[in-house]
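Below is one structure, written out as structure tokens; comments come after it.
Fair warning: this is a prediction, and the values are worked out from it, not measured in the lab.
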Amino acid sequence: QVHLVESGGGLVQAGGSLRLSCAASERTFSTYGIGWFRQAPGKEREFVAAVNWAGDVLRYGDSVKGRFAISRDNDKNTAYLQMNSLKPEDTAVYYCAARSHTIVAVTVDGYDYWGQGTQVTVSS
């Protein structure tokens with residue numbers, strides 16, 4: 001069982017930046033693949049980014065490529081999502097997820113554990 005807690009969300013103007021953090025309680029955090037997803041009101045949960053256990057395999061959703069960067073620090077049991085050049089359409093609740101598999105996943109059903117989410121609001 002992995003307990004995930006997201007932080008770092010907030011209100012930012014278009015063009016600004018935010019860094020989200022995903023802290024895990026489990027000491028075996030380094031064995032889990034991590035993904036970030038987001039969900040806007042009335043929309044399905046959308047894949048944003050994923051990183052494998054070692055941090056050397058990265059995947060991004062088309063809408064965030066070139067603007068967002070996922071990373072992890074296994075010594076701190078924490079993953080990050082650096083979000084730059086934010087747009088109003090990036091407004092959503094952002095969720096961190098973990099999967100006990102070495103291969104990166106880009107779908108919601110590929111993940112076993114989820115955080116409670118953090119709200120990101122981008123004003124125009």
Side-chain angles (χ1 to χ4, degrees):
Q1 185 76 22
V2 179
H3 182 57
L4 304 170
V5 179
E6 302 96 334
S7 61
L11 174 63
V12 64
Q13 288 188 334
S17 298
L18 282 175
R19 188 176 81 155
L20 305 184
S21 297
C22 172
S25 60
E26 180 61 51
R27 288 190 299 171
T28 57
F29 172 78
S30 62
T31 66
Y32 289 86
I34 298 295
W36 285 96
F37 291 77
R38 67 186 183 186
Q39 189 165 19
K43 295 187 176 182
E44 293 187 352
R45 195 164 293 191
E46 174 191 17
F47 170 72
V48 174
V51 60
N52 72 331
W53 66 277
D56 58 359
V57 177
L58 312 176
R59 295 289 184 269
Y60 294 97
D62 289 341
S63 61
V64 305
K65 282 180 181 177
R67 300 188 298 123
F68 290 12
I70 188 171
S71 61
R72 65 189 299 160
D73 185 337
N74 288 338
D75 290 336
K76 295 182 178 180
N77 288 352
T78 303
Y80 305 96
L81 184 68
Q82 178 67 43
M83 306 186 297
N84 300 324
S85 302
L86 282 162
K87 305 175 182 180
E89 50 264 44
D90 294 318
T91 295
V93 177
Y94 283 70
Y95 297 91
C96 171
R99 67 186 248 111
S100 50
H101 202 288
T102 56
I103 299 175
V104 172
V106 300
T107 59
V108 170
D109 59 7
Y111 289 84
D112 305 303
Y113 309 102
W114 292 82
Q116 83 290 347
T118 185
Q119 176 71 47
V120 171
T121 303
V122 184
S123 63
S124 58

**Item:** From S30 atom OG to N77 atom CG, the distance as rounded to the nearest 0.5 Å
**Value:** 7.5 Å
**Asked** Does the side chain of W53 reach to within under 4.5 Å of the side chain of R99, using non-hydrogen atoms?
**Response** no
**Request:** Taking the side chain as every heavy atom from C-beta outward, state whether S17 and Q82 have any pair of such atoms under 4.5 Å apart.
**Result:** yes
**Request:** Look up atom CG in N84 and atom CZ in F68, then write down how far apart they are to the nearest 0.5 Å.
**Result:** 8.5 Å
**Prompt:** Same cluster or not: are Y95 and V106 linked, directly or through other Ile, Leu, Val, Met, Phe, Trp or Tyr residues, by side-chain heavy atoms under 4.5 angstrom apart?
**Reply:** yes
**Asked** Taking the side chain from D112 and the backbone from S100, do they hold a donor-acceptor pair closer than 3.5 Å?
**Response** yes
**Prompt:** Do the non-hydrogen side-chain atoms of L20 and M83 ever get within less than 4.5 Å of each other?
**Reply:** yes
**Message:** Whether R72 engages the ring of F29 as a cation-pi pair (distance to the six-membered ring centre under 6.0 angstrom, angle to the ring normal within 45°) should be assessed.
**Reply:** yes
**Asked** Should R67 and D90 count as side-chain neighbours, where that means a heavy-atom distance under 4.5 Å?
**Response** yes
**Request:** Is it possible for you to say whether L18 and I70 belong to one hydrophobic cluster, with membership spreading through side-chain heavy-atom contacts below 4.5 Å?
**Result:** yes
**Message:** Between K65 and D62, is the salt bridge (charged side-chain N to carboxylate O under 4.0 Å, His left out) condition met? List the steps.
**Reply:** CA-CA 5 Å; K65 282 180 181 177; D62 289 341; 3.2 Å; yes
**Request:** Tell me, with the steps shown, if Y111 and F37 meet ring pair (Phe, Tyr, Trp, His ring centres under 6.0 Å).
**Result:** CA-CA 11 Å; Y111 289 84; F37 291 77; 5.4 Å; yes
**Asked** Can you tell if the side chain of T28 reaches within under 4.5 Å of the side chain of V2, non-hydrogen atoms only?
**Response** no
**Message:** If only side-chain N and O atoms count, and only distance matters, is there a donor-acceptor pair under 3.5 Å linking Y94 with R38?
**Reply:** yes
**Prompt:** Rounded to the nearest 0.5 Å, what separation is found between the CG atom of L4 and the OG atom of S25?
**Reply:** 7.5 Å
**Prompt:** V122 and K87: which non-hydrogen atoms are nearest, and at how many Å?
**Reply:** CB-O, 3.2 Å
**Asked** Stepwise, does the side chain to side chain contact (heavy atoms under 4.5 Å, CB included) test hold for V104 with V51?
**Response** CA-CA 6 Å; V104 172; V51 60; over 6 Å; no
**Message:** When you measure from the side chain of D73 to the backbone of Y80, do you find a donor-acceptor pair of N or O atoms at a distance under 3.5 Å?
**Reply:** no
**Item:** Side-chain touch N74/K76, heavy atoms, less than 4.5 angstrom
**Value:** no
**Asked** Shared ILVMFWY cluster between V93 and I34, side chains joined below 4.5 angstrom?
**Response** no
**Message:** Taking the side chain as everything from C-beta on, heavy atoms only, tell me whether V120 gets closer than 4.5 Å to T91.
**Reply:** no
**Asked** Looking at SG of C96 and CH2 of W36, how far apart are the two atoms once the value is rounded to the nearest 0.5 Å?
**Response** 5.0 Å
**Asked** Just by distance, do the side chain of T121 and the backbone of L11 share a donor-acceptor pair under 3.5 Å?
**Response** no
**Prompt:** Going by distance alone, is a donor N or O of one side chain under 3.5 Å from an acceptor N or O of the other, for S63 and E46?
**Reply:** yes
**Asked** So, for T78 and S21, which heavy atoms are closest and what is the spacing to 0.1 Å?
**Response** CG2-CB, 4.2 Å
**Shortest non-hydrogen contact from A14 toward S124** = CB-CA, 4.4 Å
**Message:** Starting from L58, can I reach V64 by hopping between I/L/V/M/F/W/Y residues whose side chains sit under 4.5 Å apart?
**Reply:** yes
**Request:** Give a yes or no on whether the backbone of Q116 and the side-chain of E6 come within a donor-acceptor separation of less than 3.5 Å.
**Result:** yes
